[in-house]
Asker: 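Just passing along the structure, written as structure tokens.
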Amino acid sequence: MNLTMLVTSLVWSMPLFLIWVGIAAYAFFNHEQHPRRSNLTIAAMGVFLVGRLVQFGASAAAQALAESTGATEPALVYSIIGGVSSLLGMIGWILVGLALFAEPGEASPK
């Protein structure tokens, strides 16, 4: 993955990143009303964001390694990257599900 492809991928993912950051910010600012749900939501959005950034970084590193060694498509590396990305995505969605159905928790006294 050359620099142009990496930047293009990041640019196309920017709306999704902004949505995740916006949801986390909303949860943060409503933490007093729903502390448990807010914590789970912030954790989920963080997992989604970190997972995507790790995927981009690992894909770029795998491509650079393949180009420097002259190897063709490093299928095993991309399979591992896909597996880790899927695992992080599942963790994120589990946290979203827990946030949706969690007890709201006690509101912080004002």
Side-chain angles (χ1 to χ4, degrees):
M1 177 178 290
N2 62 32
L3 184 60
T4 304
M5 290 175 61
L6 181 63
V7 170
T8 302
S9 296
L10 286 171
V11 167
W12 280 106
S13 295
M14 202 55 62
L16 189 55
F17 291 161
L18 292 174
I19 289 170
W20 289 335
V21 170
I23 291 170
Y26 183 80
F28 177 79
F29 290 115
N30 287 300
H31 188 267
E32 288 184 14
Q33 295 169 325
H34 304 287
R36 189 171 298 134
R37 288 179 180 167
S38 294
N39 290 339
L40 289 168
T41 300
I42 291 168
M45 297 306 111
V47 167
F48 286 140
L49 185 63
V50 167
R52 184 61 61 97
L53 293 175
V54 166
Q55 180 182 10
F56 282 137
S59 294
Q63 185 66 32
L65 180 65
E67 289 174 2
S68 69
T69 60
T72 57
E73 289 290 313
L76 178 62
V77 174
Y78 285 121
S79 295
I80 292 169
I81 292 169
V84 170
S85 296
S86 293
L87 179 63
L88 289 172
M90 287 187 300
I91 291 169
W93 282 111
I94 287 169
L95 290 170
V96 167
L98 291 173
L100 286 172
F101 299 108
E103 294 294 323
E106 294 190 24
S108 301
K110 293 188 177 188

Asker: Looking only at heavy atoms, what is the nearest atom pair of M45 and V96, with distance?
Answerer: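 Here M45 and V96 meet closest at CE-CG2, 4.0 Å.
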Asker: Please list every donor-acceptor pair under 3.5 Å in which a side-chain atom of residues 11-28 meets a protein atom from a residue at least two apart or in another chain.
Answerer:
| residue | atom | partner | partner atom | Å |
| --- | --- | --- | --- | --- |
| S13 | OG | S9 | O | 3.0 |

Asker: Kindly work out whether a path of hydrophobic side-chain contacts (I/L/V/M/F/W/Y, heavy atoms less than 4.5 Å apart) joins I80 to V54.
Answerer: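 Shared cluster, no.
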Asker: Hey, are the side chains of F48 and L88 touching, using non-hydrogen atoms and a 4.5 Å cut-off?
Answerer: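 Not in contact.
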Asker: Determine whether L49 and L10 fall in the same hydrophobic cluster, where Ile, Leu, Val, Met, Phe, Trp and Tyr are linked whenever their side-chain heavy atoms lie under 4.5 Å apart.
Answerer: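 Looking at the clustering, L10 is in the same group as L49.
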Asker: With hydrophobic residues grouped by side-chain heavy-atom distances under 4.5 Å, do L87 and I94 end up in a single group?
Answerer: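 Yes; tracing contacts between hydrophobic side chains, which count when under 4.5 Å, links both residues.
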Asker: Could you pull out the closest heavy-atom pair between G92 and A44, with the gap in Å?
Answerer: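 Shortest heavy-atom separation between G92 and A44 comes out as O-CB, 3.5 Å.
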Asker: What heavy-atom pair brings I81 and Q55 nearest, and what distance separates the two atoms?
Answerer: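 Result for this residue pair: CG2-CG, 4.1 Å.
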Asker: Are V84 and L95 connected into the same hydrophobic cluster when the rule is that any two of I, L, V, M, F, W, Y join if their side-chain heavy atoms are below 4.5 Å apart?
Answerer: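 Same cluster.
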Asker: Side chain to side chain contact (heavy atoms under 4.5 Å, CB included) between H31 and N39: does it pass, once the steps are laid out?
Answerer: CA-CA 8 Å; H31 188 267; N39 290 339; 3.0 Å; yes
Asker: Could you see if I42 belongs to whatever hydrophobic cluster contains M90? Use Ile, Leu, Val, Met, Phe, Trp, Tyr and a side-chain cutoff under 4.5 Å.
Answerer: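 Different hydrophobic clusters.
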Asker: Rounded to the nearest 0.5 Å, how far apart are CZ of R37 and CG of L98?
Answerer: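 Rounded to the nearest 0.5 Å, the CZ-CG separation comes out at 12.0 Å.
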Asker: Rounded to the nearest 0.5 Å, how far apart are OG of S85 and CZ of R52?
Answerer: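 So the gap between those two atoms works out to 8.0 Å.
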Asker: With no hydrogens and no angle check, is any side-chain donor or acceptor of R36 less than 3.5 Å from a backbone partner on A102?
Answerer: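 No: the side chain of R36 does not pair with the backbone of A102.
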